[in-house]
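Notes follow the structure.
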Amino acid sequence: MSRTEGKAKLLDELFYQVKVLRPSDASELKENVGADSPQQRKRKSIKNLFTSAPKFNKSLKRGVYLACLLYHGDKVLVTSDDQLPVVEVDENFTGPSVYNDLHWLMKVSCTWDDVKSLRQDMDKNTSAGAMHFRSKLLQAVSVLQGAMGISDIGQFHHKPLKDINGSVVLATVNNVKDPKLVALSSGKWVSFGKLLRRSSGTLTTMQDPNESDVLASSLAEMILYHQVSTIPLSRGLYIGYLKLQASVDLIRLLVPRKAPNTLPNIKIRDCPNVSREEWEWLQALNADQNVVPPTAVQTEFRDKLLSSAKKLFNLLDISENFASTHRMYDMEVIEFSNDVTFILILPPVENVCIVPGQSDELIEKQDLMLLPVQVFEMIHMCTYRSSLFNKYCRMSSILEMDYNLAQQAQREAFSGEELSSAKKRVELLNNLQQNLDKLWKVTRWVMDIISYARDKTVRGGIQISVLDSDRSDKDVLSSVPTEEVFDNNNSHPCCASTACDSNEISVGKDNRKIAKFFDPNEELTSPNGHVKRDIQSNSTHSGILQVYAAYDTGLSKGTRVRLHVTSKTTAREVVNLVVRQLNKAVTMKGMEGPVYSDDQLLDFCLVAVIGARERILRDDYQPLQLQNPWTKGRLYVRLKNNLLAAIQQGHATEV
């Protein structure tokens with residue numbers, strides 16, 4: 001089931017219960033929330049002729065202000081002073097941060113028609129603090145709505161605008177389809193270019209530009225953000241990338257500057273659906289059950305998935321070695337809408353989140369930006385699930401207000417009967433709030449994946465290196481019958497030679513050999529050490545590695561794998577390939593095991609051994625870079641907690 005399936009009906013049922021619980025003196029809620037009718041607009045415009053225009057602020061001092069940016073085509077609505085309409089909210093704001101109030105206002109902006117009733121209820125609240133400040137915010141919104149003659153003054157810009165004097169401006173932005181609907185008596189429509197030139201001239205003549213000038217200089221950014229934040233992706237299946245930045249009061253998501261309502265992505269294909277056959281292949285990889293070669297459908301899906309992942313890594317300038325440590329989220333396919341779905345890539349747990357003071361090349365890219373999670377969810381849901389999100393925002397705003405008023409009534413209750421009634425209402429509203437939170441938590445895929453990606457107690461997701469090696473492995477299995485892949489003590493029935501080609505694993509169109517299983521008693525072709533280097537025609541170094549298994553494989557002792565590697569091949573890739581190939585050898589022979597899962601791969605390491613000396617190779621180390629005397633020794637794969645396994649096996653072999 002989709003995360004949003006059936007949620008609209010549940011929200012309607014909860015909202016009905018909220019309305020039933022509202023007291024008789026509560027403000028009236030509109031039944032049909034939406035745009036004003038033409039007659040209502042006409043009455044408003046006539047009324048404006050007999051009311052004084054609100055006083056907009058020209059120069060701003062320390063405090064919080066609310067601004068409204070309305071644009072139509074290339075024209076912007078300004079006051080007679082060629083400034084955006086700005087009204088004061090609170091000149092004495094002392095809160096630690098305005099972000100929580102901005103995010104609350106963003107919810108209110110999805111139900112502008114309820115501002116009047118919310119304000120009436122909020123005025124009944126006598127407590128100071130956040131509720132008092134939010135009452136002032138709603139009052140400023142009402143002033144702007146009345147001045148413009150429209151209720152929908154747009155969506156809030158994703159961040160507050162600040163100047164060096166300590167003033168903060170929260171700005172709404174809206175694209176007006178018909179300028180005649182706006183009834184600002186002292187307003188005029190000015191071309192964007194003309195307004196920008198005026199503000200530029202003002203900035204050059206003033207040493208200390210005030211917030212109005214900072215606001216004017218941000219016009220282009222605000223309009224662009226408003227335009228691109230509501231454009232959905234075209235129909236299809238995408239692969240996306242999750243990256244976070246955490247600060248004291250916010251968690252921010254990395255998003256494309258030109259598409260902030262989604263994550264950095266590459267399109268995989270036009271069809272958004274992932275079939276059961278395709279998903280079962282992906283799930284089997286994580287469960288280490290995918291021994292059977294993939295079907296044609298699964299092969300096509302795998303190739304498109306890997307190709308798109310590599311394009312995404314290239315887009316983000318992520319190196320090949322670092323990309324192989326990333327994970328593919330395999331708990332679900334994220335469904336933005338019926339037409340747009342996502343498969344997500346997660347960095348390693350320690351690299352998911354950037355902490356304060358830590359630098360990262362991704363956040364410095366000009367085509368990317370950071371958005372608070374709450375803002376991202378707002379514009380994302382407004383783009384892909386607008387009807388559902390508007391219902392949630394309306395109910396959340398009203399329920400929060402009713403709950404605060406019920407708590408106040410409980411505190412002010414005199415008689416036992418009043419106290420009992422107020423207490424019962426608080427409990428009922430609290431239950432409704434918990435039900436709403438529970439319902440909405442299911443739809444918040446972003447928070448679920450953030451928690452999953454940062455959880456160090458689980459080793460979640462499919463390693464990209466596993467997908468890549470799976471492609472190589474499946475190419476192997478499609479070209480070599482399973483009965484022709486031997487362990488070290490078997491030979492092909494049609495070949496008397498222990499060096500028979502069928503005992504080698506090859507990939508690619510040129511049948512490049514990457515691995516071979518050897519009998520421990522057969523004579524080595526390169527007796528001096530574990531590595532034989534050669535130079536390819538394209539001048540890249542490559543060589544042959546012989547790697548011994550110093551752990552319980554279920555096969556004969558002394559089993560080794562011969563690998564054809566390049567100078568870029570890492571120790572981690574060697575370990576993963578050796579363990580997986582020996583797993584397959586055990587499985588294909590019908591032996592009981594042991595077979596090691598992908599979750600256990602990190603328990604193994606690659607070591608070089610000479611006599612009683614051992615050197616552990618880091619995961620990102622390239623074995624072909626080993627220098628003398630280690631090239632004369634042997635390479636072993638062993639369990640990290642079995643410290644003497646490789647050395648003991650080396651001594652046993654010598655004896």
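Closest of all the heavy-atom pairs between R235 and C271 is NH1-CA, 4.2 Å. The heavy-atom pair separating L312 from I345 by the smallest distance is CD2-CD1, 4.4 Å. Considering every non-hydrogen atom in both S324 and N321, the closest pair reads OG-O, 2.6 Å. When all heavy atoms of L624 and G543 are compared, the closest pair comes out as CD1-N, 3.7 Å. The minimum heavy-atom distance linking L545 with P623 is given by the pair CD1-CB, 3.7 Å. Here the shortest heavy-atom pairing between F156 and L102 reads CD2-CD1, 3.9 Å.
At least one donor-acceptor pair under 3.5 Å links the side chain of S247 to the backbone N or O of L250. Although no hydrogens or angles enter the test, the distance criterion places no donor-acceptor pair under 3.5 Å between the side chain of Q546 and the main chain of R634. For Q298 (side chain) and T295 (main-chain N/O), a donor-acceptor pair under 3.5 Å exists by modelled atom type. Although no hydrogens or angles enter the test, the distance criterion places a donor-acceptor pair under 3.5 Å between the side chain of Q600 and the main chain of S597. K7 places a side-chain N or O within 3.5 Å of a backbone atom of R3 that can act as its donor or acceptor partner. Side-chain atoms of T559 never come within 3.5 Å of backbone atoms of L555 as a donor-acceptor pair (strictly under, hydrogens ignored). Without hydrogens or angle criteria, S451 side chain to M447 main chain gives a donor-acceptor distance under 3.5 Å. D603 places no side-chain N or O within donor-acceptor distance of the main-chain N or O of L639, the cut-off being under 3.5 Å. Formation of a donor-acceptor pair under 3.5 Å by the S109 side chain with backbone atoms of M106 is found in this model. Checking side-chain atoms of N273 against main-chain N and O of S275 turns up no donor-acceptor pair under 3.5 Å.
In this structure, the side-chain contact (heavy atoms from CB on, under 4.5 Å) partners of P347, at least two apart in sequence or on a different chain, are Y241, K243, H326, N351, V352. Residues satisfying the side-chain contact (heavy atoms from CB on, under 4.5 Å) test with E350, not counting sequence neighbours, are P348. Contacts of S2 classified as side-chain contact (heavy atoms from CB on, under 4.5 Å), with partners at least two apart in sequence or in another chain: T4, E5, E335, R385. Under the rule for a side-chain hydrogen bond (donor to acceptor under 3.5 Å, both in side chains), T443 has no partner lying at least two apart in sequence or in another chain.
Annotation: side chain of I464 is not in contact with side chain of R327 (no heavy-atom distance under 4.5 Å). With contacts defined as side-chain heavy-atom distances shorter than 4.5 Å, the pair L14/N435 qualifies. Proximity of V579 to V637: side-chain heavy atoms (C-beta onward) are separated by under 4.5 Å at one or more points. Contact of the L635 side chain with the V607 side chain is not registered, since no non-hydrogen atoms from C-beta on lie closer than 4.5 Å. Counting heavy atoms from C-beta on, the side chains of I334 and Y329 come closer than 4.5 Å. The shortest side-chain heavy-atom distance between P232 and S337 does not fall under the 4.5 Å cut-off. Residues P260 and H158 form no side-chain contact, since every pair of their non-hydrogen atoms from C-beta on lies 4.5 Å or further apart. Here the side chains of K159 and E221 are in contact, with some heavy-atom distance below 4.5 Å.
Ion pairing between a basic and an acidic side chain is recognised when a charged N comes within 4.0 Å of a carboxylate O; K365 and D317 show such pairing. Salt bridge present: D598 and R580 bring a charged side-chain N and a carboxylate O closer than 4.0 Å.
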Between L244 and I354, is a side chain to side chain contact (heavy atoms under 4.5 Å, CB included) present by the stated rule, with each step listed? CA-CA 6 Å; L244 309 172; I354 308 167; over 6 Å; no

Practice task
Tell me, with the steps shown, if Q463 and T325 meet side-chain hydrogen bond (donor to acceptor under 3.5 Å, both in side chains).
Solution key: CA-CA 6 Å; Q463 293 283 335; T325 64; 5.8 Å; no

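Between the OG1 atom of T383 and the CG atom of L233 there is a distance of 9.0 Å, given to the nearest 0.5 Å. To the nearest 0.5 angstrom, I251 atom CD1 is 6.0 Å from I450 atom CD1. The structure places CD1 of I231 at 12.5 Å from OG1 of T262, a figure rounded to the nearest 0.5 Å.
Applying the salt bridge (Lys or Arg N to Asp or Glu O under 4.0 Å) test to pairs two or more places apart or on separate chains, those with a residue in residues 265-276 are K267-D270, R269-E278.
Around the NZ atom of K258, the shell of radius 6.0 Å holds no more than 12 heavy atoms that belong to other residues, nucleotides or ligands.
Ring pair F322/F313: centre-to-centre distance not below 6.0 Å. Checked against the 6.0 Å centroid threshold, Y384 and F389 do not count as a close aromatic pair.
A cation-pi geometry, defined here as NZ or CZ lying under 6.0 Å from the six-membered ring centre and within 45° of its normal, does not hold between R572 and Y621.
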Indicate every side-chain donor-acceptor pair of residues 367-381 with a distance under 3.5 Å to a residue at least two apart or in another chain.
residue: E377; atom: OE1; partner: R444; partner atom: NE; Å: 3.1
residue: E377; atom: OE1; partner: R444; partner atom: NH2; Å: 2.7
residue: E377; atom: OE2; partner: R444; partner atom: NE; Å: 2.8
residue: E377; atom: OE2; partner: R444; partner atom: NH2; Å: 3.4
residue: H380; atom: ND1; partner: N261; partner atom: O; Å: 3.1
residue: H380; atom: NE2; partner: W445; partner atom: NE1; Å: 3.3

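Between the side chains of Q625 and S567, no donor-acceptor pair of N or O atoms lies under 3.5 Å.
With D437 as the fixed residue, the side-chain hydrogen bond (donor to acceptor under 3.5 Å, both in side chains) test singles out one of K441, Q433, Q434: Q433.
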